[in-house]
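Bear in mind that the values here come from a model prediction, so they are computed numbers and not experimental data. Below, chain A is the first sequence line, B the second, and so on; all start at residue 1.
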There are 2 protein chains.
Amino acid sequence: MTKAEITAPFLKRLKVSTEIDEEDERAIKSLPIVTKQMANGEAIASIGDRPSACCLVIEGFVLRSKIVGVGQRQIMAFHQPGDIPDLQSLFLHVMDHDVSVLGNCVLGFIPHTPLQELIKHRPNIAQALWRDTLTDAAIFREWICNVGQRDATSRVAHLVLELYTRLKAIGRTDGLSFSFPATQALFADAVGTSVVHMNRVVQELRNQGLLEFDRGRISILDETKLRKAADFDALYLHLDPSL
Amino acid sequence: MTKAEITAPFLKRLKVSTEIDEEDERAIKSLPIVTKQMANGEAIASIGDRPSACCLVIEGFVLRSKIVGVGQRQIMAFHQPGDIPDLQSLFLHVMDHDVSVLGNCVLGFIPHTPLQELIKHRPNIAQALWRDTLTDAAIFREWICNVGQRDATSRVAHLVLELYTRLKAIGRTDGLSFSFPATQALFADAVGTSVVHMNRVVQELRNQGLLEFDRGRISILDETKLRKAADFDALYLHLDPSL
DNA sequence: CGAGGTGTTGACAGTTTTCAAGCAGAGTGG
DNA sequence: CCACTCTGCTTGAAAACTGTCAACACCTCG
């Protein structure tokens with residue numbers, strides 16, 4: 001993979017929100033990035049770690065999770081190509097949660113030191129990255145609402161629409177469907193329900209003709225009804241309004 | 001109020017995480033801050049707004065919330081003196097949630113422009129503020145876990161310990177108790193339960209001798225048991241380890 | 001073929017919400 | 001001082017939602 005290919009989704013993302021000039025772009029392309037293939041479930045960083053590099057998602061998905069109480073897992077975020085899921089480790093040195101791989105994934109590891117240099121000397125990039133961590137936070141807030149106020153059916157509908165909307169913004173959807181290698185158990189961990197209940201919710205959404213889960217592919221069948229069931233408003237994603 | 005008094009909790013907070021030199025301190029003290037007294041429930045910023053200033057909490061508490069579905073409210077964060085609850089509006093120009101006052105409160109409003117200048121020319125301060133937004137995000141993540149995985153009793157216990165720990169870090173606790181002007185309905189909105197159930201949980205915690213709610217004052221009666229009930233680990237708060 | 005992961009189902013138990021009502025205290029105005 | 005209102009807290013009973021347990025079908029892979 002060339003540097004251009006590696007940094008492409010990342011650059012595209014940054015440019016949505018911020019003026020990135022040629023020198024910024026050169027600086028990003030000259031970062032020392034080590035790419036690595038990783039398989040489903042592999043750990044990138046674990047709670048208590050003190051990482052010395054950040055990981056850029058190039059292909060595939062990454063998730064952030066935490067074990068709560070007696071072994072239950074809560075997933076707190078899904079990350080897609082162009083994201084840096086553990087950028088926070090630059091400033092919060094101890095990991096307070098786990099970061100791991102979903103499906104097969106290509107990651108680029110960027111050591112903290114050159115990244116810190118980049119932030120110091122390229123204010124545009126610093127600002128874009130800061131903004132990125134703020135939209136992450138906005139998504140966390142929406143998840144609090146999701147888990148706190150909506151019933152299980154709405155939660156799943158909402159999560160699907162979020163994934164769809166974010167993936168569409170980076171051109172990784174195929175009409176109204178997209179590839180997402182998650183089992184029902186994983187979805188259950190993300191919306192805070194049991195696997196059994198998750199299964200019933202999936203069936204209900206299927207029977208009502210709203211969406212279809214099929215071996216790593218999610219298809220939206222009736223977007224209008226799904227939006228209504230989900231109580232979904234994309235404002236919190238802070239995407240480029242032109243999309 | 002003098003500038004020194006206004007900025008004191010804020011400066012104290014920044015210094016915990018970052019080297020702030022004298023010039024940084026001078027720059028902060030010369031910010032044009034307009035203070036304002038506000039009363040319980042007053043709105044600071046609402047969803048859809050495009051604020052042109054950020055608000056610094058000087059005395060009292062501020063909360064962030066969102067209306068979900070048919071009028072239910074989810075509280076997503078509580079902020080204490082030294083916090084800037086809407087710092088994100090510097091980079092995410094449209095508010096995706098509401099910010100309002102809890103109890104009586106003194107706020108300092110700082111226009112975006114001088115704040116942006118400060119960030120541009122004082123990298124230490126920029127870094128400290130960025131770090132602050134990252135700890136906010138860490139708290140959001142923990143709230144997702146709280147609402148997603150714990151039962152109502154643990155959730156309340158967890159929230160109380162979080163408030164206690166954060167307030168202790170800024171010296172606003174009184175032994176094992178602290179002042180926090182929240183009704184049970186407010187707590188219900190924060191942990192995602194109904195008011196009725198919240199009341200039952202409060203009584204249970206009282207009966208078990210874990211804590212006491214009394215007109216705006218919360219007292220921890222048995223810290224060890226409460227910690228256990230809450231499944232609480234302060235790691236995610238990223239506080240100065242010397243505290 | 002057997003093992004393990006994933007999806008599915010039924011019955012039952014537990015938690016939480018909803019509805020409806022009553023109580024206590026603070027503040028208001030007559 | 002006494003209604004009166006308002007808000008916050010409390011209680012009981014029924015209904016809704018969700019979790020747990022146990023079992024089985026299906027599929028892939030070694």
Counting just side-chain N and O atoms, does B:Q184 come under 4.0 Å of either OP1 or OP2 of D:dT10?
yes
Taking only the side-chain nitrogens and oxygens of B:R206, find out if one of them lies under 4.0 Å from OP1 or OP2 of D:dT10.
yes
Report yes or no: does A:D189 contribute a side-chain atom to a donor-acceptor pair with the main-chain N or O of A:Q74 at less than 3.5 Å?
no
Could you tell me the separation between the CG atom of A:D214 and the C1' atom of D:dC27, rounded to a whole number of Å?
13 Å
Shortest side-chain distance from B:N199, nucleotide among C:dT6, D:dT18, D:dT10:
D:dT10
Calculate the interatomic distance between A:R215 atom CZ and C:dG7 atom C1'; express it in whole Å.
13 Å
Under a 4.5 Å cut-off applied to non-hydrogen side-chain atoms, are B:I44 and B:C55 in contact?
yes
A:Q149 side chain to A:N146 main-chain N or O, any donor-acceptor pair under 3.5 Å?
no
In terms of the angle between their ring planes, are A:F180 and A:F187 parallel, tilted or perpendicular, with boundaries placed at 30° and 60°?
perpendicular
Considering every strand and a 4.0 Å limit on heavy-atom distances, what is the contact class for A:G192: base, sugar-phosphate, or nothing?
sugar-phosphate
Which nucleotide wins on minimum distance to the side chain of A:T193, given the candidates C:dT9, D:dG19, C:dG7?
D:dG19
Is it the case that the base of C:dG10 and the side chain of A:R200 share a donor-acceptor contact (distance under 3.5 Å, atom types as modelled)?
yes
Given D:dT11, is OP1 or OP2 found less than 4.0 Å from the side-chain N or O atoms of B:Q203?
yes
I want to verify a distance call: between D:dC21, D:dT11, C:dG7, whose nearest atom is closest to the A:V196 side chain?
D:dC21
Starting from the 5' end of DNA chain D, give me the residue, A:R155 or B:T183, whose nearest nucleotide shows up first.
B:T183
State which of C:dT18, D:dT18, C:dT9 makes the closest approach to the side chain of A:A152.
D:dT18
